[in-house]
Amino acid sequence: MWSRKVKFVEQSEHSECGITSITMILNYLGIPVSLNFLRDKYGVPKGGNTLFHLKSIFQDFGISTSGFKVNDLKFFKENNRPCILFWDNKHYVVFERIKFNKIIIVDPALGRKKYSYKDFWEHFSSVVLVPVGMDKDLHLDYKIEKKKNILVSILFKQKLKIVGLILFTLLIQFFALGIPVITQRAVDNYKILSQDLTVTEIMILIGMVFGVYYVLQIFRTILIANFQNYFEKNLMTEFMKKIMSLPLSFFVNRSTGDLIFRSNLTTYIQQLLSSQLITTIIDMVFVVAYLSLMISYSVQLTVVSMFGIAIIIVSSFCNTKRYQYLTDKELTLHSKIHRTLVELFEGMETVKSIGAEKQFYEDWEKNFIEQLKVQMSKNRASGFIGNIATATQFIMPLMIMGVGIYGISNGSLTVGELISFNAIATAFVTPIITIMGSYSSIMLLQSYFGKLSEILEQKVQNEDSKEVFDEDYESIELRNVSFQYSKFEDPILKNINISIGKHEKVAIVGPSGSGKSTLVKVLSGLYSPSEGEVLLNGKDIKGLTQESIRQKVSMVNQNPAIFNMSLKDNILMNKSEVDESLFMAAVKDARVNEIIDMLPMGYETQVSEGGMNLSGGQMQRIAIARAIVNTPELMLMDEPTSALDNISENYIMNRVKEYDFPCVVVSHRLNTIQHFDRVIVMYQGRIVEEGTHDELMKKRGLYSYIYSGNLEASELKGEQAIG
Ligand SMILES: Nc1ncnc2c1ncn2[C@@H]1O[C@H](COP(=O)(O)OP(=O)(O)O)[C@@H](O)[C@H]1O
Ligand SMILES: [Mg+2]
């Protein structure tokens, strides 16, 4: 029933250790939830989960838990079963059990690890959460519909190829089986044969066999290559399509390094899934045919061969668990190293300016050395597997001969049969040995597939069932909208009600962290509200396709990304039919022309990756031009000019105001938005004031306070922030 072991689940982000530990415990208790499911349902609070959060998640699954403060090993000896431990004062891990004076910990970040008592107390932070009871009758909503295995479904798309492949393999096997049989006949009837056939005739026959076999093999190789190609293509396209269709919220709390690592897995899989491996796996299926032929020759000899094969298989299986464990560990380390590298390269400027090179190096080195160690143990382990198998294979003909000569002497076996049996036994063992030898690859494939399917199995909303929005913009409205990243955190937006009509220019202001950016993302449809609805012309945007919304709504983010292509392409973004005059106007209004004038290559200047050869203000101007060129019917701007000097800022905002489209602008510098139709003041996730600049100033509330305080700050900023 319950497995004795806790199955390792890896967290994909550091504050996820709590829900990952819960996933492992729930799986152990026979509740098959996935980490994805818990993440979707509960979210991940910024600072991770408290023990109280964990308790209440368990409660939802009908499991009552008790928290204890533990200072004595006796507790674990008496409760020697999985529970959650607080670790290093900042982390959760799963206690599996005590075995041979070692404590086995399954760490969501590191995998299974054994600790001596002494080491254990160095990490353990004295608090445990133990499942104590289970309410079996609770009908939970976790009942995840039977997961359809993505890999299987990809495979099934090519039934015809599979059938063809199997047929060819059958033919080839049939052929291969014929050779030992013919050998046996030839050896046992050599006298008759040598009278009936000349050497030339025998050679011609052999030549014909060669020809047929060769042609069959060619067909099979091509079929396999085809099949492999198809499978990989589908796997990768499925993956990329999934990545593209996942909502923004999927990406915000994930490390880029981890995502890149997972994307690269498709390439690793491609390398591992060599045609050799596929051939062997297919051949495995046909060992049954060999086996029956072997039995038909001699039961005794078959038993002897099976003995050899048993040694090979048992020795490999003994190492299986260790190998799997090491592979998982290696993968975890790989992805950590990768993450460090990505963080380092992305943040090089900051790393250099604060002198954090040493820290990064040490971080990298620690994981790298660890990875080398794991790799070494892995090689050692695979050396053991490989060599037991090779040695056994080496002595198998001897074993067969050794037993076989008795069969010949008592007449139960002919010489031809013994020779033929030996050939069949070799053909029988070869795929088994190869599979065992490719064990590492197969294990690795399994791990890789596991990590990939975590993304492939993410649920996305089906865009096909949604309506295309092609009306002219009338209004956008937030109705009782709340937004939270995690069930356990205070909502970041609380009960927001606003409506923005045609031609309206609305500004959003408020202290930083008050939820302005989040509000804009909800308005744009990038985030779905946790509660309430977003209505575009009175229609809930949940039912409208993202693509059609993007065509109507332009957004300038707080940190716009500029891509590695020409300036012009960065503004046009693959739009083909852009009116020249519109383009020129956008460029002028966003003051991009000033940048262009300074560059010898003009609009064709190539932007380096991440816009490294541009200043923050230049990038912002390009982003604004990009948004205008999109001819939006609603413009959303999140601090679009924060890195610009006051003069440019005023100029650009005044130009933007002249456009027909309604716009919502988040801004810290209140002088630029004074003449907007309406100002919305946010504070701690709520709208606290709303009105025109003059009305709000008269009110002497938060706005007037920010206004008076902010003036100085913005003047100071103007000096240094020359974009
Ligand atoms: N990805 C995230 N996960 C969890 N909390 C977040 C995330 N992004 C922002 N927050 C929190 O949401 C709150 C509002 O953030 P934001 O909308 O960016 O504020 P503003 O734009 O007004 O400065 C802040 O407290 C911030 O810490
Ligand atoms: Mg913001």
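Ligands are counted one by one from 1 in listed order, and the atoms in each one are counted from 1 as well.
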Look at Glu594 together with Arg591 and state whether they make a salt bridge at an N to O cut-off of under 4.0 Å.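 Yes, charged N to carboxylate O under 4.0 Å.
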
Does a side-chain N-to-carboxylate-O contact under 4.0 Å join Glu633 and Lys502?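 No, Glu633 and Lys502 are not salt-bridged.
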
Short N or O distance, [X] and ligand 1, threshold 3.5 Å exclusive:
| X | result |
| --- | --- |
| Ser514 | yes |
| Ser517 | yes |
| Gln558 | no |

Distance only, no hydrogens: is a donor on one side chain within 3.5 Å (strictly under) of an acceptor on the other, for [X] and [Y]?
| X | Y | value |
| --- | --- | --- |
| Tyr42 | Asp60 | yes |
| Gln674 | Tyr707 | yes |
| Asn495 | Ser482 | no |
| Asn497 | Arg479 | no |

Starting from [atom], locate the nearest protein heavy atom and write down its residue, its atom name and how far away it is, to 0.1 Å.
| atom | value |
| --- | --- |
| atom 1 (N) of ligand 1 | Asn253 OD1, 3.1 Å |
| atom 5 (N) of ligand 1 | Tyr485 CD1, 3.2 Å |
| atom 19 (O) of ligand 1 | Gly515 N, 3.3 Å |
| atom 26 (C) of ligand 1 | Lys46 NZ, 3.9 Å |

Which protein N, O or S atoms lie under 2.8 Å from the Mg ion (ligand 2)? Ser517 OG, Gln558 OE1

Check Thr518 against ligand 1 and report side chain, backbone, both or neither, counting heavy atoms closer than 4.0 Å. both

Nearest non-hydrogen atom to atom 14 (C) of ligand 1 belongs to which of Ser486, Ser15, Gly513?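 Of the listed residues, Gly513 has the closest heavy atom.
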
Would Leu478 and Leu519 count as a side chain to side chain contact (heavy atoms under 4.5 Å, CB included) if you check the C-alpha gap in whole Å, the side-chain angles of each, and the deciding distance to 0.1 Å? CA-CA 10 Å; Leu478 297 189; Leu519 179 69; 3.3 Å; yes

Less than 4.0 Å is my threshold; does some heavy atom of Gly510 fall inside it relative to ligand 1? no

Using 30° and 60° as the class boundaries, would you call the ring planes of Tyr659 and Phe661 parallel, tilted or perpendicular?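 Aromatic pair Tyr659/Phe661 classed parallel.
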
Could you tell me how the ring of His123 sits relative to the ring of Trp87: parallel (under 30°), tilted (30 to 60°) or perpendicular (over 60°)? parallel

Heavy-atom nearest pair, Gly525 first then Ile541, reads CA-CD1, 3.5 Å

Give the atoms of ligand 1, by number and element, whose distance to some non-hydrogen atom of Ile492 is under 4.0 Å.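 Contacts of ligand 1 toward Ile492, numbered from 1: 5 (N), 10 (N), 11 (C), 12 (O), 13 (C), 14 (C).
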
Show me the side-chain donor-acceptor pairs of residues 346-357 shorter than 3.5 Å, one per line, residues at least two apart or across chains.
from   : atom 1 : to     : atom 2 : distance (Å)
Ser353 : OG     : Glu349 : O      : 2.6
Ser353 : OG     : Thr350 : O      : 3.2

